[in-house]
Amino acid sequence: MLVLGIESSCDETAAAVVSDGTAMLSNVIASQIEIHGKYGGIVPEIASRKHMEAIIPVTRQALDDADVSMGDIEGIAVTRGPGLVGSLLVGLSAAKAIAFARGIPFAGVNHIEGHIAAIFLADRSPDFPFTALVVSGGHTHVYLVRGFGDFQILGQTRDDAAGEAFDKAARMMGLGYPGGVVIDRLAKKGNPAAVAFPRAMKGSVDFSFSGLKTALLNHIKGRKEPISADEVPDIAASYQEAIVDVLVGKTLKAAEDASVPRVVVCGGVASNSRLRGRFFEKGERMGIEIFFPPPILCTDNAAMIAVVGDSLIRGGKRDSFDLNAVSRWPLD
Ligand code: KG4
Ligand code: ZN
């Protein structure tokens, strides 16, 4: 079955064609990063307007790249939530219009389930059940995944998401947006042991990053001289290390406690190079197999949405044209 995926939950307008839920024929992503970068974060009204401009050309490009026509598409998968409602509605309306015009089914997909399902487009993917860490701009959640649509939450953040912690730190240090990418790059030249940042909520599978953020603020402001450019790589590396430490430690502990020695790490922060390295290193020591989607499928994309949609439509799911976008949609 050929499924067209559409994603517009945040600041990326994306469309992709996926065959049988496993073979990615195209993956088009139009990013708005440069526009929102000027404001240091996403401006929802601008995001929905930009989605409106991009949705048709991006969808056409996805069909062209896959070398198929709209008539070949057998189902549409579209992100229904969680996300910015004004942004989600653009993709959802486009999906409904295509499904209506062509008389094919469409399915509303949970964006977070999409991030997890991205692993099925990778070279290596695990059998169910597995443990999943979803770590993005809005999520830091550990799930036990028994199958498509079958999740149990094992731990989550009590305050900021890890991606938010990266973005806020970069803003505090004037490094630009999105922060994770910049900090990842700068940290490669820094010493991760240079600054002793806190690791919160030891002994729990829940996370908290607000104390870390405050510690960074105190480190930057609580001194006579402003931080110099030479110090930034050390601060970035130490800050990143504090986030990576807790993500790796708590996720692997959760997998061990659940006796599910397979861990999928996904979402935008999963493209972090240090996180990838540390997971493989510690996973090997603990006898836990680690799976990461390729970086391009960690950040927001529509191919991951098509994988979930394929499973839903195959299972008989038919959403109706009054389906609404939802800003919150817990997976479990
Ligand atoms: O999954 P995603 O593209 O969008 C959401 O659904 O949130 O994740 C975006 C988040 C941002 O907070 C960004 O700073 C972070 O992922 N991110 C990274 C890296 N690349 C993106 N964080 C750390 N290291 C990276 N290389
Ligand atoms: Zn996302």
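Treat the numbers as computed from the prediction; the structure is a model and nothing was measured. Start at 1 and go down the list; that is how both ligands and their atoms are numbered. Just so you know, these numbers use all the heavy atoms, side chains as well, and skip hydrogens, waters and symmetry mates.
- Look at Arg278 and Glu241 and you find a salt bridge, because one of the NZ, NE, NH1 or NH2 atoms lies within 4.0 Å of a carboxylate O, short of that distance.
- There is no path of hydrophobic side-chain contacts, each under 4.5 Å, that joins Ile6 to Val3.
- With a 4.0 Å heavy-atom cut-off, ligand 1 is reached by the side chain of Asp184 but not by its N, CA, C or O.
- No salt bridge links Lys253 with Glu256; every basic N to acidic carboxylate O contact stays at or beyond 4.0 Å.
- Of all atoms in ligand 1, listed by their number and element, those nearer than 4.0 Å to a heavy atom of His115 are 1 (O), 6 (O).
- With a cut-off of 2.8 Å, the Zn ion (ligand 2) has an N, O or S atom of His111 in range.
- Not a single heavy atom of Gln240 sits closer than 4.0 Å to an atom of ligand 1.
- Ring planes of Phe148 and Phe120: tilted class, angle from 30 to 60°.
- The closest heavy-atom contact to atom 17 (N) of ligand 1, among the options Pro178, Gly268, Cys298, comes from Gly268.
- Contact annotation for Val269 and ligand 1: heavy atoms of both the backbone and the side chain come within less than 4.0 Å of the ligand.
- Closest protein heavy atom to atom 20 (N) of ligand 1: Ser271 OG, 3.2 Å.
- For CZ of Arg146, the number of neighbouring non-hydrogen atoms (other residues, nucleotides, ligands) closer than 6.0 Å is greater than 12.
- Ring geometry for Phe292 versus Phe280: interplanar angle of 30 to 60°, hence tilted.
- At a heavy-atom cutoff of 4.0 Å, ligand 1 is contacted by no atom of His139, backbone or side chain.
- His115 lies close to the Zn ion (ligand 2), since one of its N, O or S atoms is found at a distance under 2.8 Å.
- Of the protein's heavy atoms, Gly180 CA, 3.3 Å lies nearest to atom 22 (N) of ligand 1.
- Protein heavy atom at the shortest distance from atom 3 (O) of ligand 1 is Asp300 N, 3.1 Å.
- When only non-hydrogen protein atoms are considered, atom 11 (C) of ligand 1 lies nearest to Asp167 OD2, 3.5 Å.
- Nearest N/O/S atom of Asp300 with respect to the Zn ion (ligand 2) is recorded as OD1.
- Between Glu281 and Arg285 there is a salt bridge, since a side-chain N of the basic residue sits under 4.0 Å from a carboxylate O of the acidic one.
- No heavy atom of Arg185 sits closer than 4.0 Å to any atom of ligand 1.
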